[in-house]
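Have a look at the structure below, then the notes.
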Amino acid sequence: MSDFSVSDYRLSTLPEDRRPVCILGLGLIGGSLMRDLKQAGWPVFGWNRSEKTVERASRDGFDASADLVATLQRAEREDALIVLGVPVPALASLFDAISEHAPSCGITDVTSVKVEVHELVEAHGLTDRFVGGHPMAGTANSGWAATMKGLFQGAVWVVTYDNAVEHASANTAGAGSADAASADAASTSAGQSSQRWLDTWIRVVGIAEEVGAAVVPALARRHDRAVARVSHLPHILAEALAVTGDQGGPLALSLAASSFRDGTRVAGTEPALVRAMIENNRTAVVEALDETIALLQQARSDIADPVQDMRGLAEDGNAARGRFEARAGRKRGDTMHRPIIRVRPGQRGWLNQLQSAESMGAQIGIF
Ligand code: NAP
(Lines give C-alpha, C1' and ligand atoms only; values in the text may rest on other atoms or scores of the structure.)
Protein backbone atom coordinates (compact mmCIF):
# COMPACT_ATOMS: atom_id res chain seq x y z
CA MET A 1 0.00 0.00 0.00
CA SER A 2 1.17 3.51 -0.75
CA ASP A 3 2.01 6.16 1.80
CA PHE A 4 -0.92 7.02 4.02
CA SER A 5 -1.35 9.90 6.37
CA VAL A 6 -4.10 11.99 7.86
CA SER A 7 -3.77 15.67 7.12
CA ASP A 8 -4.62 18.33 4.59
CA TYR A 9 -0.92 19.10 4.11
CA ARG A 10 0.03 19.86 0.51
CA LEU A 11 2.46 17.19 -0.60
CA SER A 12 3.36 18.28 -4.05
CA THR A 13 7.01 18.88 -4.80
CA LEU A 14 6.34 19.56 -8.48
CA PRO A 15 8.92 21.75 -10.11
CA GLU A 16 7.29 25.15 -10.47
CA ASP A 17 5.53 25.25 -13.84
CA ARG A 18 4.27 28.74 -14.56
CA ARG A 19 3.24 28.34 -18.19
CA PRO A 20 0.11 30.48 -18.76
CA VAL A 21 -3.48 29.48 -18.11
CA CYS A 22 -6.25 30.53 -20.50
CA ILE A 23 -9.77 30.41 -19.02
CA LEU A 24 -12.80 30.27 -21.32
CA GLY A 25 -15.87 31.41 -19.39
CA LEU A 26 -15.38 33.90 -16.55
CA GLY A 27 -18.39 33.05 -14.40
CA LEU A 28 -18.28 32.01 -10.75
CA ILE A 29 -15.83 29.13 -11.23
CA GLY A 30 -13.71 30.39 -14.15
CA GLY A 31 -13.56 33.94 -12.76
CA SER A 32 -12.69 32.80 -9.23
CA LEU A 33 -9.91 30.62 -10.64
CA MET A 34 -8.62 33.65 -12.55
CA ARG A 35 -8.58 35.72 -9.36
CA ASP A 36 -6.63 33.09 -7.39
CA LEU A 37 -4.10 32.36 -10.13
CA LYS A 38 -3.42 36.05 -10.69
CA GLN A 39 -3.04 36.58 -6.96
CA ALA A 40 -0.47 33.76 -6.95
CA GLY A 41 1.47 35.53 -9.70
CA TRP A 42 0.49 33.08 -12.41
CA PRO A 43 0.17 34.35 -16.03
CA VAL A 44 -3.57 34.06 -16.70
CA PHE A 45 -5.86 35.45 -19.36
CA GLY A 46 -9.37 34.61 -20.49
CA TRP A 47 -12.34 34.91 -22.76
CA ASN A 48 -16.02 35.44 -22.03
CA ARG A 49 -19.02 35.40 -24.34
CA SER A 50 -20.77 38.46 -22.93
CA GLU A 51 -18.97 41.78 -23.32
CA LYS A 52 -20.35 42.99 -19.99
CA THR A 53 -18.33 40.41 -18.07
CA VAL A 54 -15.23 41.23 -20.13
CA GLU A 55 -15.63 44.91 -19.28
CA ARG A 56 -16.09 44.18 -15.57
CA ALA A 57 -13.14 41.79 -15.41
CA SER A 58 -10.92 44.24 -17.32
CA ARG A 59 -12.01 47.06 -15.01
CA ASP A 60 -10.96 44.86 -12.07
CA GLY A 61 -7.49 44.54 -13.62
CA PHE A 62 -7.77 41.14 -15.34
CA ASP A 63 -6.64 40.20 -18.85
CA ALA A 64 -10.00 39.35 -20.49
CA SER A 65 -11.25 39.43 -24.06
CA ALA A 66 -14.50 38.84 -25.96
CA ASP A 67 -12.56 37.70 -29.05
CA LEU A 68 -12.49 33.88 -28.92
CA VAL A 69 -10.30 33.32 -31.97
CA ALA A 70 -7.66 35.83 -30.84
CA THR A 71 -7.69 34.34 -27.31
CA LEU A 72 -7.19 30.80 -28.60
CA GLN A 73 -4.46 31.87 -31.02
CA ARG A 74 -2.69 33.51 -28.10
CA ALA A 75 -3.12 30.33 -26.03
CA GLU A 76 -1.47 28.34 -28.82
CA ARG A 77 1.43 30.83 -29.12
CA GLU A 78 2.03 30.87 -25.37
CA ASP A 79 1.53 27.11 -24.75
CA ALA A 80 -1.28 27.92 -22.32
CA LEU A 81 -3.35 25.32 -20.50
CA ILE A 82 -6.98 25.93 -21.55
CA VAL A 83 -9.58 25.71 -18.77
CA LEU A 84 -13.21 25.48 -19.83
CA GLY A 85 -15.34 27.36 -17.29
CA VAL A 86 -18.67 26.95 -19.09
CA PRO A 87 -21.63 24.56 -18.69
CA VAL A 88 -21.92 21.36 -20.77
CA PRO A 89 -24.18 22.79 -23.51
CA ALA A 90 -21.47 25.32 -24.39
CA LEU A 91 -18.63 22.78 -24.69
CA ALA A 92 -19.09 21.38 -28.22
CA SER A 93 -18.68 24.70 -30.00
CA LEU A 94 -15.66 25.57 -27.85
CA PHE A 95 -14.03 22.21 -28.64
CA ASP A 96 -14.54 23.01 -32.36
CA ALA A 97 -12.86 26.39 -31.90
CA ILE A 98 -9.99 24.89 -29.87
CA SER A 99 -9.39 22.22 -32.54
CA GLU A 100 -9.10 24.93 -35.15
CA HIS A 101 -7.23 27.70 -33.33
CA ALA A 102 -5.31 26.03 -30.49
CA PRO A 103 -4.34 22.66 -31.99
CA SER A 104 -1.70 21.70 -29.45
CA CYS A 105 -2.81 23.20 -26.12
CA GLY A 106 -3.65 20.99 -23.14
CA ILE A 107 -7.30 21.27 -22.09
CA THR A 108 -9.22 20.79 -18.87
CA ASP A 109 -12.70 21.67 -17.64
CA VAL A 110 -14.55 22.34 -14.39
CA THR A 111 -17.86 20.78 -15.37
CA SER A 112 -19.96 18.93 -12.81
CA VAL A 113 -20.30 15.80 -14.99
CA LYS A 114 -17.49 13.85 -16.55
CA VAL A 115 -18.76 10.95 -18.73
CA GLU A 116 -20.72 13.26 -21.04
CA VAL A 117 -17.72 15.57 -21.32
CA HIS A 118 -15.28 12.71 -22.04
CA GLU A 119 -17.61 11.50 -24.80
CA LEU A 120 -17.66 14.97 -26.35
CA VAL A 121 -13.88 15.16 -26.09
CA GLU A 122 -13.53 11.80 -27.84
CA ALA A 123 -15.96 12.84 -30.59
CA HIS A 124 -13.75 15.89 -31.20
CA GLY A 125 -10.55 13.79 -31.27
CA LEU A 126 -9.06 15.61 -28.26
CA THR A 127 -8.54 12.76 -25.78
CA ASP A 128 -4.74 12.86 -25.90
CA ARG A 129 -4.69 16.39 -24.51
CA PHE A 130 -7.75 16.51 -22.28
CA VAL A 131 -7.87 15.93 -18.53
CA GLY A 132 -11.25 16.26 -16.83
CA GLY A 133 -11.53 18.40 -13.72
CA HIS A 134 -14.25 19.24 -11.20
CA PRO A 135 -13.67 21.57 -8.26
CA MET A 136 -16.13 20.61 -5.52
CA ALA A 137 -16.66 24.22 -4.53
CA GLY A 138 -19.17 26.88 -5.36
CA THR A 139 -21.98 29.07 -4.19
CA ALA A 140 -25.55 29.52 -5.36
CA ASN A 141 -24.51 32.73 -7.18
CA SER A 142 -23.42 33.16 -10.78
CA GLY A 143 -21.38 35.40 -13.02
CA TRP A 144 -18.35 37.65 -12.59
CA ALA A 145 -20.04 39.55 -9.76
CA ALA A 146 -20.10 36.31 -7.72
CA THR A 147 -16.39 35.54 -8.21
CA MET A 148 -14.17 35.56 -5.15
CA LYS A 149 -10.66 34.82 -3.96
CA GLY A 150 -10.11 31.61 -2.02
CA LEU A 151 -13.18 29.77 -3.33
CA PHE A 152 -11.18 26.55 -3.81
CA GLN A 153 -9.16 26.70 -0.59
CA GLY A 154 -9.50 23.32 1.13
CA ALA A 155 -11.98 22.01 -1.46
CA VAL A 156 -11.56 18.76 -3.37
CA TRP A 157 -10.64 19.11 -7.05
CA VAL A 158 -11.41 15.88 -8.92
CA VAL A 159 -8.96 15.08 -11.73
CA THR A 160 -9.80 12.25 -14.13
CA TYR A 161 -7.29 9.70 -15.46
CA ASP A 162 -9.34 7.70 -17.98
CA ASN A 163 -6.92 8.41 -20.79
CA ALA A 164 -3.98 6.85 -18.92
CA VAL A 165 -5.97 3.67 -18.23
CA GLU A 166 -7.08 3.43 -21.85
CA HIS A 167 -3.54 3.96 -23.12
CA ALA A 168 -2.10 1.44 -20.72
CA SER A 169 -4.75 -1.13 -21.63
CA ALA A 170 -4.03 -0.68 -25.32
CA ASN A 171 -0.34 -1.20 -24.60
CA THR A 172 -0.83 -4.36 -22.55
CA ALA A 173 -0.12 -7.25 -24.89
CA GLY A 174 -3.17 -9.48 -25.13
CA ALA A 175 -4.96 -7.64 -22.33
CA GLY A 176 -8.70 -8.19 -22.31
CA SER A 177 -9.33 -6.02 -19.29
CA ALA A 178 -9.42 -2.24 -19.06
CA ASP A 179 -9.06 -2.00 -15.28
CA ALA A 180 -6.20 -0.05 -13.78
CA ALA A 181 -4.55 -3.05 -12.10
CA SER A 182 -4.07 -5.05 -15.31
CA ALA A 183 -3.17 -1.94 -17.23
CA ASP A 184 -0.57 -0.87 -14.74
CA ALA A 185 2.11 -3.20 -16.08
CA ALA A 186 2.17 -1.07 -19.21
CA SER A 187 1.98 2.26 -17.48
CA THR A 188 5.55 3.23 -18.22
CA SER A 189 5.17 2.80 -21.96
CA ALA A 190 1.78 4.49 -21.75
CA GLY A 191 3.42 7.43 -20.05
CA GLN A 192 5.99 7.64 -22.81
CA SER A 193 3.47 7.32 -25.64
CA SER A 194 1.24 9.98 -24.18
CA GLN A 195 3.61 12.65 -22.97
CA ARG A 196 1.27 15.44 -24.01
CA TRP A 197 -1.58 14.00 -21.96
CA LEU A 198 0.73 13.45 -18.99
CA ASP A 199 2.04 17.00 -19.24
CA THR A 200 -1.56 18.25 -19.21
CA TRP A 201 -2.43 16.05 -16.23
CA ILE A 202 0.49 17.38 -14.20
CA ARG A 203 -0.40 20.98 -15.09
CA VAL A 204 -4.03 20.47 -14.03
CA VAL A 205 -2.90 19.04 -10.69
CA GLY A 206 -0.52 22.01 -10.40
CA ILE A 207 -3.20 24.71 -10.80
CA ALA A 208 -5.61 22.90 -8.47
CA GLU A 209 -2.91 22.76 -5.79
CA GLU A 210 -1.91 26.37 -6.43
CA VAL A 211 -5.41 27.55 -5.48
CA GLY A 212 -5.39 25.44 -2.32
CA ALA A 213 -7.50 22.50 -3.47
CA ALA A 214 -6.94 18.83 -2.60
CA VAL A 215 -6.68 16.69 -5.73
CA VAL A 216 -8.66 13.44 -5.69
CA PRO A 217 -8.37 11.24 -8.80
CA ALA A 218 -11.40 9.48 -10.27
CA LEU A 219 -12.42 7.79 -13.49
CA ALA A 220 -15.23 9.70 -15.22
CA ARG A 221 -17.94 7.12 -14.57
CA ARG A 222 -17.01 6.73 -10.89
CA HIS A 223 -16.98 10.51 -10.46
CA ASP A 224 -20.46 10.77 -11.99
CA ARG A 225 -21.90 8.06 -9.74
CA ALA A 226 -20.40 9.69 -6.65
CA VAL A 227 -21.52 13.24 -7.44
CA ALA A 228 -25.01 12.01 -8.33
CA ARG A 229 -25.37 11.12 -4.63
CA VAL A 230 -23.58 13.98 -2.91
CA SER A 231 -24.06 16.89 -5.29
CA HIS A 232 -26.83 16.35 -7.84
CA LEU A 233 -29.33 14.60 -5.54
CA PRO A 234 -29.06 17.40 -2.93
CA HIS A 235 -30.17 19.87 -5.62
CA ILE A 236 -33.27 17.80 -6.36
CA LEU A 237 -34.09 17.37 -2.67
CA ALA A 238 -33.54 21.09 -2.03
CA GLU A 239 -35.88 22.05 -4.88
CA ALA A 240 -38.55 19.63 -3.60
CA LEU A 241 -38.18 20.89 -0.03
CA ALA A 242 -38.36 24.54 -1.16
CA VAL A 243 -41.58 23.87 -3.10
CA THR A 244 -43.14 21.91 -0.22
CA GLY A 245 -42.30 24.61 2.33
CA ASP A 246 -43.56 27.35 0.02
CA GLN A 247 -46.86 25.50 -0.43
CA GLY A 248 -47.33 25.90 3.33
CA GLY A 249 -48.06 29.57 2.65
CA PRO A 250 -46.96 32.77 4.45
CA LEU A 251 -47.11 31.33 7.97
CA ALA A 252 -44.84 28.41 7.07
CA LEU A 253 -42.33 30.73 5.39
CA SER A 254 -42.35 33.05 8.43
CA LEU A 255 -41.64 30.15 10.76
CA ALA A 256 -38.92 28.64 8.55
CA ALA A 257 -35.57 28.74 10.34
CA SER A 258 -32.11 27.27 9.84
CA SER A 259 -33.12 23.70 8.99
CA PHE A 260 -35.23 25.00 6.10
CA ARG A 261 -32.59 27.58 5.13
CA ASP A 262 -29.77 24.97 5.13
CA GLY A 263 -31.85 22.30 3.41
CA THR A 264 -32.94 24.61 0.57
CA ARG A 265 -29.70 26.58 0.13
CA VAL A 266 -28.76 25.05 -3.23
CA ALA A 267 -32.27 25.63 -4.59
CA GLY A 268 -31.01 29.20 -5.02
CA THR A 269 -28.74 28.01 -7.86
CA GLU A 270 -29.42 29.25 -11.40
CA PRO A 271 -31.93 26.68 -12.82
CA ALA A 272 -30.03 26.35 -16.12
CA LEU A 273 -26.91 25.22 -14.21
CA VAL A 274 -28.89 22.66 -12.19
CA ARG A 275 -30.41 21.27 -15.37
CA ALA A 276 -27.00 21.14 -17.10
CA MET A 277 -25.66 19.01 -14.21
CA ILE A 278 -28.54 16.63 -13.73
CA GLU A 279 -29.77 16.17 -17.28
CA ASN A 280 -26.23 15.19 -18.29
CA ASN A 281 -25.94 12.55 -15.55
CA ARG A 282 -29.36 10.90 -15.79
CA THR A 283 -28.49 7.24 -15.16
CA ALA A 284 -26.50 7.84 -11.99
CA VAL A 285 -28.97 10.42 -10.66
CA VAL A 286 -31.94 8.07 -11.23
CA GLU A 287 -30.09 5.31 -9.33
CA ALA A 288 -29.51 7.63 -6.35
CA LEU A 289 -33.04 9.03 -6.55
CA ASP A 290 -34.54 5.51 -6.52
CA GLU A 291 -32.66 4.74 -3.29
CA THR A 292 -33.91 7.96 -1.73
CA ILE A 293 -37.51 7.38 -2.84
CA ALA A 294 -37.41 3.88 -1.30
CA LEU A 295 -36.18 5.38 2.00
CA LEU A 296 -38.88 8.06 1.91
CA GLN A 297 -41.60 5.52 1.11
CA GLN A 298 -40.49 3.37 4.02
CA ALA A 299 -40.45 6.43 6.30
CA ARG A 300 -43.88 7.44 5.06
CA SER A 301 -45.40 4.06 5.77
CA ASP A 302 -43.72 3.91 9.21
CA ILE A 303 -44.98 7.40 10.10
CA ALA A 304 -48.51 6.75 8.81
CA ASP A 305 -48.86 3.56 10.86
CA PRO A 306 -49.48 4.41 14.57
CA VAL A 307 -47.96 1.11 15.71
CA GLN A 308 -44.68 1.71 13.81
CA ASP A 309 -41.95 4.30 14.38
CA MET A 310 -39.38 5.95 12.14
CA ARG A 311 -36.43 4.89 14.27
CA GLY A 312 -34.77 3.15 11.29
CA LEU A 313 -34.31 6.23 9.13
CA ALA A 314 -33.63 8.57 12.07
CA GLU A 315 -30.85 6.34 13.43
CA ASP A 316 -29.36 5.38 10.05
CA GLY A 317 -29.34 9.01 8.93
CA ASN A 318 -27.73 10.17 12.14
CA ALA A 319 -25.01 7.50 11.89
CA ALA A 320 -24.37 8.31 8.22
CA ARG A 321 -24.03 12.02 9.02
CA GLY A 322 -21.56 11.06 11.78
CA ARG A 323 -19.40 9.18 9.25
CA PHE A 324 -19.44 12.22 6.94
CA GLU A 325 -18.43 14.53 9.80
CA ALA A 326 -15.63 12.16 10.82
CA ARG A 327 -14.13 12.71 7.37
CA ALA A 328 -15.18 16.27 6.54
CA GLY A 329 -15.56 17.91 9.95
CA ARG A 330 -18.69 19.44 11.47
CA LYS A 331 -18.64 22.65 9.48
CA ARG A 332 -17.17 24.06 6.28
CA GLY A 333 -13.49 24.85 6.71
CA ASP A 334 -12.83 22.16 9.32
CA THR A 335 -9.79 19.98 8.66
CA MET A 336 -10.58 17.09 6.38
CA HIS A 337 -9.48 13.68 7.63
CA ARG A 338 -8.67 12.34 4.24
CA PRO A 339 -5.85 9.91 3.43
CA ILE A 340 -3.00 11.12 1.21
CA ILE A 341 -1.28 8.96 -1.39
CA ARG A 342 1.88 9.99 -3.19
CA VAL A 343 2.07 9.29 -6.91
CA ARG A 344 4.80 9.48 -9.52
CA PRO A 345 3.04 10.41 -12.79
CA GLY A 346 3.85 8.10 -15.68
CA GLN A 347 6.05 5.79 -13.61
CA ARG A 348 5.45 2.08 -13.12
CA GLY A 349 2.78 1.60 -10.48
CA TRP A 350 1.19 5.02 -10.76
CA LEU A 351 -2.16 3.79 -12.08
CA ASN A 352 -2.42 1.46 -9.10
CA GLN A 353 -1.68 4.44 -6.87
CA LEU A 354 -4.44 6.46 -8.53
CA GLN A 355 -6.89 3.58 -8.30
CA SER A 356 -6.11 3.13 -4.59
CA ALA A 357 -6.57 6.85 -4.01
CA GLU A 358 -9.89 6.79 -5.85
CA SER A 359 -11.25 3.83 -3.89
CA MET A 360 -10.27 5.49 -0.57
CA GLY A 361 -11.38 8.97 -1.62
CA ALA A 362 -7.78 9.94 -0.92
CA GLN A 363 -5.99 13.12 -1.84
CA ILE A 364 -2.89 12.69 -3.99
CA GLY A 365 0.41 14.46 -3.91
CA ILE A 366 2.92 14.29 -6.74
CA PHE A 367 6.57 13.55 -6.10
P1 NAP B 1 -21.75 30.91 -14.12
O2 NAP B 1 -21.27 31.75 -13.01
O3 NAP B 1 -23.17 31.06 -14.55
O4 NAP B 1 -20.84 31.15 -15.40
C5 NAP B 1 -21.11 30.46 -16.59
C6 NAP B 1 -20.08 30.90 -17.61
O7 NAP B 1 -20.33 30.13 -18.80
C8 NAP B 1 -20.20 32.36 -18.00
O9 NAP B 1 -18.92 32.82 -18.33
C10 NAP B 1 -21.10 32.30 -19.23
O11 NAP B 1 -20.89 33.37 -20.12
C12 NAP B 1 -20.58 31.03 -19.86
N13 NAP B 1 -21.54 30.45 -20.79
C14 NAP B 1 -22.76 29.92 -20.49
N15 NAP B 1 -23.36 29.46 -21.61
C16 NAP B 1 -22.48 29.71 -22.62
C17 NAP B 1 -22.53 29.47 -24.01
N18 NAP B 1 -23.58 28.87 -24.60
N19 NAP B 1 -21.46 29.82 -24.76
C20 NAP B 1 -20.40 30.43 -24.18
N21 NAP B 1 -20.30 30.71 -22.87
C22 NAP B 1 -21.34 30.34 -22.10
O23 NAP B 1 -21.54 29.37 -13.83
P24 NAP B 1 -20.45 28.60 -12.97
O25 NAP B 1 -21.02 28.30 -11.63
O26 NAP B 1 -19.14 29.31 -13.05
O27 NAP B 1 -20.40 27.24 -13.77
C28 NAP B 1 -19.49 27.03 -14.80
C29 NAP B 1 -19.15 25.55 -14.83
O30 NAP B 1 -18.64 25.19 -13.54
C31 NAP B 1 -20.35 24.65 -15.09
O32 NAP B 1 -19.95 23.63 -15.95
C33 NAP B 1 -20.68 24.09 -13.73
O34 NAP B 1 -21.22 22.79 -13.84
C35 NAP B 1 -19.31 24.03 -13.09
N36 NAP B 1 -19.32 24.06 -11.63
C37 NAP B 1 -20.16 24.90 -10.96
C38 NAP B 1 -20.14 24.90 -9.56
C39 NAP B 1 -21.05 25.81 -8.78
O40 NAP B 1 -21.25 25.58 -7.59
N41 NAP B 1 -21.60 26.84 -9.36
C42 NAP B 1 -19.24 24.08 -8.86
C43 NAP B 1 -18.36 23.28 -9.59
C44 NAP B 1 -18.41 23.28 -10.98
P45 NAP B 1 -21.84 34.66 -20.14
O46 NAP B 1 -21.27 35.61 -19.13
O47 NAP B 1 -21.74 35.16 -21.53
O48 NAP B 1 -23.23 34.20 -19.79
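Just so you know, ligand 1 is whichever comes first in the structure, and atom 1 is the first atom listed for that ligand.
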Do Asp128 and Arg196 pass the salt bridge (Lys or Arg N to Asp or Glu O under 4.0 Å) test, and can you show the C-alpha distance, the side-chain angles, and the key distance before you say yes or no?
-> CA-CA 7 Å; Asp128 70 336; Arg196 181 159 69 161; 2.9 Å; yes
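Geometrically, ligand 1 and Val86 share a nitrogen or oxygen pair separated by less than 3.5 Å. When only interatomic distances are considered, the shortest N/O to N/O separation between Met277 and ligand 1 does not fall below 3.5 Å. Taking any N or O of Trp47, backbone or side chain, none lies under 3.5 Å from an N or O belonging to ligand 1. Any N or O atom pair closer than 3.5 Å counts here, and Gly138 shares no such pair with ligand 1. In terms of polar-atom proximity, defined here as any N/O pair under 3.5 Å, Gly143 does make such a contact with ligand 1.
Environment of CZ in Arg19: crowded, with over 12 heavy atoms of neighbouring residues, nucleotides or ligands closer than 6.0 Å. The local environment of CZ in Arg18 is crowded, with over 12 non-hydrogen atoms from other residues, nucleotides or ligands closer than 6.0 Å. Annotation for Arg327: atom CZ counts as buried by contact number, over 12 foreign heavy atoms lying within 6.0 Å. For Glu122, the CD atom sits in a loose shell: 12 or fewer heavy atoms of surrounding residues, nucleotides or ligands are nearer than 6.0 Å.
Shortest contact from atom 6 (C) of ligand 1 to any protein heavy atom: Gly85 O, 3.7 Å. For atom 7 (O) of ligand 1, the nearest non-hydrogen atom of the protein is Pro87 CD, 3.4 Å. Here the protein heavy atom with the shortest distance to atom 44 (C) of ligand 1 is Val110 O, 3.1 Å.
Below 4.0 Å from some heavy atom of Thr53 lie the following atoms of ligand 1, by number and element: 46 (O). Counting the atoms of ligand 1 from 1 in the order shown, those under 4.0 Å from a heavy atom of Asn48 are 8 (C), 9 (O), 11 (O), 45 (P), 46 (O), 47 (O). For ligand 1, the atoms closer than 4.0 angstrom to any heavy atom of Ser50 are 45 (P), 46 (O), 47 (O). Within ligand 1, counting atoms from 1 as listed, the ones closer than 4.0 Å to a heavy atom of Leu26 are 9 (O). Close approach of ligand 1 to Ser112 is summarised as follows: ligand atoms under 4.0 Å from at least one heavy atom of the residue are 33 (C), 34 (O), 35 (C), 36 (N), 44 (C). Shown in contact with Gly25 at under 4.0 Å from a heavy atom are these atoms of ligand 1, numbered in order with element: 9 (O). Every atom of ligand 1 with a heavy atom of His134 under 4.0 Å away is listed here by number and element: 43 (C), 44 (C). Residue Thr111 has at least one heavy-atom neighbour below 4.0 Å for each of these atoms of ligand 1: 32 (O).
The aromatic rings of Trp350 and Trp201 sit perpendicular, their planes meeting at an angle over 60°, well past the 30° parallel limit. Using the six-membered ring where Trp is involved, Phe152 and Trp157 have ring planes that are tilted, between 30° and 60° apart.
In this structure, His124 has its ring center at least 6.0 angstrom away from the ring center of Phe130.
Transitive grouping of hydrophobic side chains (ILVMFWY, heavy atoms separated by less than 4.5 Å) brings Val21 and Leu198 into a common cluster.
Of all non-hydrogen atoms in Lys114 and Thr160, the two that sit nearest each other are CD-CG2, 3.6 Å. Closest non-hydrogen pair, Leu33 versus Val83, comes out as CD2-CG1, 3.9 Å.
Ligand 1 has no atom lying under 4.0 Å from any heavy atom of Ser32. In this structure, Met136 does not count as a contact residue of ligand 1, since none of its heavy atoms falls inside 4.0 Å of the ligand. Residue contacts with ligand 1: Thr139 is included, with a non-hydrogen atom under 4.0 Å away.
For the side chain to side chain contact (heavy atoms under 4.5 Å, CB included) with Val69, the lone residue among Leu72, Thr71, Asp67 that qualifies is Asp67.
The shortest side-chain heavy-atom distance between Ser65 and Phe45 does not fall under the 4.5 Å cut-off.
Contact annotation: for Asn141 versus ligand 1, there are no heavy atoms closer than 4.0 Å. Under 4.0 Å from ligand 1, not a single heavy atom of Ser93 appears.
Among Ser142, Ala155, Ala272, the residue whose heavy atom lies closest to atom 3 (O) of ligand 1 is Ser142.
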